[in-house]
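Following: one structure in C-alpha cells, then a few remarks.
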Amino acid sequence: MKILVINGPNLNMLGIREPGIYGKNTFADLLQLLEDTAREEGIEITQFQSNHEGDLVDKIQWAYGKMDGIVINPAAYTHTSVAILDALKAVSLPAVEVHISDVDAREPFRQISYAGLACIKTIKGHGFAGYREAILYLKEYLSA
Ligand code: CA2
C-alpha cells in the first residue's frame with residue numbers, strides 16, 4: 001500500500017515559531033512520525049512539502065496511477081485553493097485532510113476548506129497524531 005503525504009506552505013517551519021498553536025515539535029519530528037508509522041504499519045509512505053501551490057498540484061497529479069491514497073495538509077491553501085480541490089478531484093484517489101490545529105476554533109476564514117470537499121475524512125486539532133490517524137484511516141479504507 002502506497003500513501004502520499006503532502007504538506008503545504010510554512011509547515012516546514014514547525015517548531016520554530018507559534019508553538020502555542022502548532023506545538024513545539026519540528027517538521028523533522030513529523031517526518032520521523034511518518035517514517036515510524038510506515039514501518040509499524042507496513043505501508044510505503046512518500047512525503048512531499050512545498051510552499052508553492054502549483055508544485056502541490058503537480059505532486060497530486062504525479063500520484064495518479066502510482067499511489068493508493070493521499071493524506072494532505074494544504075495549510076493556508078486549504079482556505080483558498082480551488083486548484084488543489086480540482087487536482088484531488090481529477091486524480092480521484094481517496095484523500096484524508098489533516099490540520100494540526102483546531103481550525104474550527106480559530107478565525108472564521110479557516111473554517112472554509114476547499115480541499116476538504118474532495119476528501120473522505122478531515123482530522124483537525126489532534127496535533128501531529130492526526131497524521132497517524134489519517135494514515136490508519138486510509139489503510140482501513142483501502143483494505144476494506
Ligand atoms: O492547523 C493546520 O495544520 C493548518 O493547516 C496550518 C496552516 C494554517 O494556515 C491552517 O489554517 C491550519 C499554517 C501552517 C503554518 O505553520 C507555521 C509553522 C510555524 C510557524 C508559523 C506557521
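Just so you know, ligand 1 is whichever comes first in the structure, and atom 1 is the first atom listed for that ligand.
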Open item on the list: Starting from atom 14 (C) of ligand 1, what is the nearest protein heavy atom, named by residue and atom, and what distance separates them?
Closed with: Leu11 CD2, 3.7 Å
Open item on the list: Does Glu107, at its CD atom, have more than 12 non-hydrogen atoms belonging to other residues, nucleotides or ligands within less than 6.0 Å?
Closed with: yes
TODO: Starting from atom 16 (O) of ligand 1, find the nearest protein heavy-atom neighbour and note its residue, name and distance.
DONE: Asn10 O, 3.5 Å
Task: Protein residue, atom and distance nearest to atom 20 (C) of ligand 1, heavy-atom basis - done: Arg17 O, 3.4 Å
TODO: Write out the residue and atom name of the closest protein heavy atom to atom 19 (C) of ligand 1, then the distance separating them to 0.1 Å.
DONE: Met13 O, 3.3 Å
TODO: Check each atom of ligand 1 against the heavy atoms of Ala76 and keep those under 4.0 Å away; list them by number with element.
DONE: 9 (O)
Task: Shortest protein contact, atom 12 (C) of ligand 1 (heavy atom only) - done: Val103 CG1, 3.6 Å
TODO: May I ask you to check whether Asn51 and Glu53 show a side-chain donor-acceptor distance below 3.5 Å?
DONE: no
Open item on the list: Checking side-chain polar atoms at under 3.5 Å, does Tyr131 have a donor or acceptor matched by the opposite partner on Asn7?
Closed with: yes
- [ ] Keeping the roles fixed (side chain from Thr78, backbone from Ala75), state whether a donor-acceptor pair exists under 3.5 Å.
- [x] yes
Open item on the list: Can you tell me if Lys124 contacts ligand 1 (heavy atom of the residue under 4.0 Å from the ligand)?
Closed with: no
- [ ] Please write down residue, atom name and distance for the protein heavy atom closest to atom 2 (C) of ligand 1.
- [x] Ile100 N, 3.3 Å
- [ ] Would you confirm whether Gln49, through its side chain, and Gly8, through its main-chain N or O, come within 3.5 Å as a donor-acceptor pair?
- [x] yes
Open item on the list: Can you name the atoms of ligand 1, numbered from 1 with element, that are less than 4.0 Å from a heavy atom of His79?
Closed with: 10 (C), 11 (O)
Open item on the list: Any atom of ligand 1 sitting under 4.0 Å from a heavy atom of Asn73?
Closed with: yes
Task: Spatial distance of atom CH2 (Trp62) from atom NZ (Lys59) [nearest 0.5 Å] - done: 4.0 Å
Task: Asp36/Arg39 ion pair, N-O < 4.0 Å - done: yes
TODO: Decide whether an N or O pair under 3.5 Å exists between His99 and ligand 1.
DONE: yes
Task: Closest protein heavy atom to atom 21 (C) of ligand 1, given as residue, atom name and distance to 0.1 Å - done: Glu18 OE2, 3.5 Å
- [ ] For Ile60 and Ile70, run side chain to side chain contact (heavy atoms under 4.5 Å, CB included): C-alpha distance rounded to whole Å, both residues' side-chain angles, the deciding distance at 0.1 Å, then the answer.
- [x] CA-CA 8 Å; Ile60 292 166; Ile70 297 175; 4.2 Å; yes
Task: Which residue and heavy atom of the protein sit nearest atom 1 (O) of ligand 1, plus the separation - done: Ser101 OG, 2.6 Å
